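In what follows, chains carry the letters A, B, and so on, assigned in the order in which the sequence lines appear, proteins first and then strands, with residues in each chain numbered from 1. Nothing here was measured: the structure is a model prediction, and the numbers come from that model.
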Amino acid sequence: MLRWIGDETLLQGLVAGLSTPALLLTIVVCIALLSKGADWMIDGVVSLAARTGLPKIVIGATVVSLGTTLPEAFVSVMAAYMGNPGLALGNGVGSIIADTGLIFGLTCILATVPVNRFILNRTGWVQVGSATLLVVIAVTLLIAAPPGIEPRLERWVGFFFLGLLAVYLYVTYRWARQDSARAGPAQNGADEALLGLALSWIMVIGGLVLVVSGARVLVPSASEIAVRWGVPDDVIAATLVALGTSLPELMTAIAAVRKGHPEITVGNIVGADVLNTLFVIGAAAAAAPLAIPANFYYYHFPAMLLILYSFRVFITMNRSGVFYRWQGVWLLTIYAVYVVLQYALNIDPAHG
Amino acid sequence: MKILLATDGSETARAALDFLLRFPLPEGSEIDLLSVTDHHHLPPITRGDLTREQRQAIGETERAVRQDAERILAQAAERVRGAGRPGSTEVRIGHPAEEIRLAAAEHGAELIVLGSHGHRGLRRLILGSVSGSVLQYAECSVLIVRPRTEGQAPAPDGRLRILLCLDGSAPAQKAIELCAGLPLRGRAAVTLLTVMPLITLYRQDIRQRLSWHWQEQKAAATADLEKAAAIIRPTAEDVSTLLREDADEAGAILAAAQALGSDLIVLGHKGRSAIERVLLGSVTGRIAAQAPCAVLAVRD
């Protein structure tokens, strides 16, 4: 089944057989599909929030995040099964860095993003807590590992993370209920044109399917064009491939800002970060033990923690109830420095 | 080597016997012959409401079926004896795959040989249910033979072209040892193949190929291929190596077999768990089902 889902032979054969104008047209269609899918998803979330009384940020942190992290989860589980632990772990850690540094950073620069303190003081702690737990376990394993042996995230760690994921989803739902009871029914924008509950779900799920599948076709098409235009492989890896699995989050963020619901992006990023640790890395480690390469200890883990704790500090310090533009610039700068240093120092990239 | 050949007199079963008699077996190998009649083909004799005449008719049917199986075995046994291989013959009635597996265990067979399909199989479309089931559940190695198709010519020098697939697993190591123990000198050309699995989803393969980890894995795979070639060379001078990077491990092996005109694909059979089979599928199963030639799945 995984093979079937992950087998790109047919797709890549089709892409390779297309002329350059046909490829460019494919890319345009994919971007249109991604954009339309993200729009549907945001409309669905807004309507779902109003219908169910759940805050949009919570739906962003659960349903939307589960959908947008599916590409990372598939890649990581496949990589773990196929004996490529660096790729499996790198997808999770790299996505946290890209989602928070690049996508949330950009969102803060482009829009005024509200801070839902009640939710963020809870899920926000799970976001940094789960990543910190991952690093603490990794460091403990490093200390305990015999000299010359690479420490490994064993399968029990994977199942433990998946257990924590179930707890996280349940607790988030409880918090959301408390928050909607505290804020009252009007908070979800009663003025929005409401869709039926079933149609809201169809919009959310249909949008997710479009976004995830659009990205799946866009990445090989864009990579093929880049190869034809003589772009070096390492540049393609650092740009198109690095962003490939995060495209759903990026498109969701753009649509959310455009439609005036940036809080969905906050929820999506916080949720995606939690899921990248508990779901992506958890499922991959549960599938097969993940060896932790040395560069994670001195480069990728510190970068991830720096970005996440910056985000955490911003939540605490933003008494005015919004994220500031300079905070977006800070996150984006860390991300840019992280990417540039990675290539300047020739460090194996973390991101899938 | 103790071998159990299962036959039902079909074209593929005859091809299996032909292949086995041409195969460079170790000195002193024995070939036991087995024919299993599917009990579903016989009327249920245990029913209490049958008349004496009906019981007699059923008994005669069973005798006729048994005699037919014995005739098939006698023909095969003559050819086996003619090739200088000793061995026994046995007829069983029951579930074919299960009886073959049980007989192999009772005979202490190290290898089960059978055709890809019986009389009822859809030749070359999918793997027959009996051979598929034996491949999955047998405790020893299994050789599945397919009749040669038109346009699939034997090597001009008459040598067997073997494609030995390696993946660093314990069964693959066993496959190396098995090949090293065969008298292949002058009778076979061996190509050792390792397929490094790429993840092409979201073009991760571009990144994967650039990583140090991949380069290290590639160097290790190349070294392993050379080490395996050194083990086999004393018994087969014509040994070459191939390293492929591909997202589809089974597809790459099948393509290599096609390109090399292989007569036999040898690979270690890991016996994945049920969950892994659902998630990843069985490489051995797919190769056995789609290979243009015989397939030897070696168990650890």
Side-chain angles (χ1 to χ4, degrees), chain A residues 1-9 11-12 15 71-72 74-79 81-88 90-91 94 212 215-216 218-224 226-227 232-238 240-247 287-288 291 293 295 346-352, chain B residues 166-170 172 194-221 224 243-256 268 270-287 289-290:
Chain A
M1 193 170 76
L2 263 183
R3 285 255 181 218
W4 181 77
I5 293 168
D7 188 2
E8 299 270 288
T9 315
L11 178 62
Q12 288 192 7
V15 164
E72 286 93 337
F74 276 129
V75 167
S76 289
V77 172
M78 276 190 79
Y81 263 125
M82 291 163 87
N84 202 319
L87 196 63
N91 247 293
V212 171
R216 188 170 169 179
L218 178 63
V219 174
S221 304
S223 302
E224 178 67 26
V227 168
D233 273 0
D234 51 356
V235 175
I236 298 173
L240 292 170
V241 178
L243 273 180
T245 55
S246 287
L247 264 180
N295 57 16
N346 199 16
I347 295 167
D348 262 0
H351 196 278
Chain B
L166 307 178
D167 61 2
S169 65
T194 294
V195 181
M196 296 180 66
L198 284 172
I199 298 166
T200 48
L201 191 64
Y202 292 91
R203 291 308 312 264
Q204 297 295 312
D205 55 309
I206 297 178
R207 208 209 106 188
Q208 197 180 359
R209 279 196 171 113
L210 291 171
S211 73
W212 288 358
H213 184 255
W214 187 254
Q215 298 308 324
E216 281 173 9
Q217 279 188 324
K218 205 167 164 178
D224 286 348
L243 184 66
R244 291 267 187 273
E245 297 173 21
D246 207 294
D248 178 5
E249 201 179 342
I253 292 171
L254 290 168
K270 278 178 272 194
R272 282 180 163 145
S273 68
I275 293 175
E276 284 175 335
R277 275 201 306 277
V278 170
L279 288 176
L280 298 174
S282 162
V283 172
T284 313
R286 199 177 137 204
I287 289 171
Q290 297 177 9

S.K.: Evaluate A:D233 against B:R209 for side-chain contact (heavy atoms from CB on, under 4.5 Å), listing each step before the verdict.
M.R.: CA-CA 9 Å; A:D233 273 0; B:R209 279 196 171 113; over 6 Å; no
S.K.: Please find the pair of heavy atoms, one from B:Y202 and one from A:V75, that lie closest to each other, and give the distance.
M.R.: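 Reported closest heavy-atom pair: CD1-CG2, 4.3 Å.
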S.K.: For the CE atom of A:M78 and the OG1 atom of B:T200, what is their distance to the nearest 0.5 Å?
M.R.: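 Here the interatomic distance stands at 6.5 Å.
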S.K.: Which answer fits A:V15, side chain, backbone, both or neither, if we ask what part of it has an atom under 4.5 Å from a heavy atom of chain B?
M.R.: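 Answer is neither: A:V15 stays 4.5 Å or more from chain B.
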S.K.: Does any backbone or side-chain atom of B:D205 lie under 4.5 Å from a heavy atom of chain A? Answer side chain, backbone, both or neither.
M.R.: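 Just the side chain, heavy atoms under 4.5 Å.
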S.K.: Quick one: closest heavy-atom pair of B:I199 and A:A79, and the distance?
M.R.: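 Scanning both residues completely, I find the closest heavy atoms to be CD1-CA, 3.2 Å.
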S.K.: How far apart are the C-alpha atoms of A:I236 and B:R203, what are their side-chain angles, what is the distance that settles it, and do they pass the side-chain contact (heavy atoms from CB on, under 4.5 Å) test?
M.R.: CA-CA 10 Å; A:I236 298 173; B:R203 291 308 312 264; over 6 Å; no
S.K.: Atom CD1 of B:I206 and atom CG of A:L240: how far apart are they, to the nearest 0.5 Å?
M.R.: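 Reported to 0.5 Å precision, the distance equals 7.5 Å.
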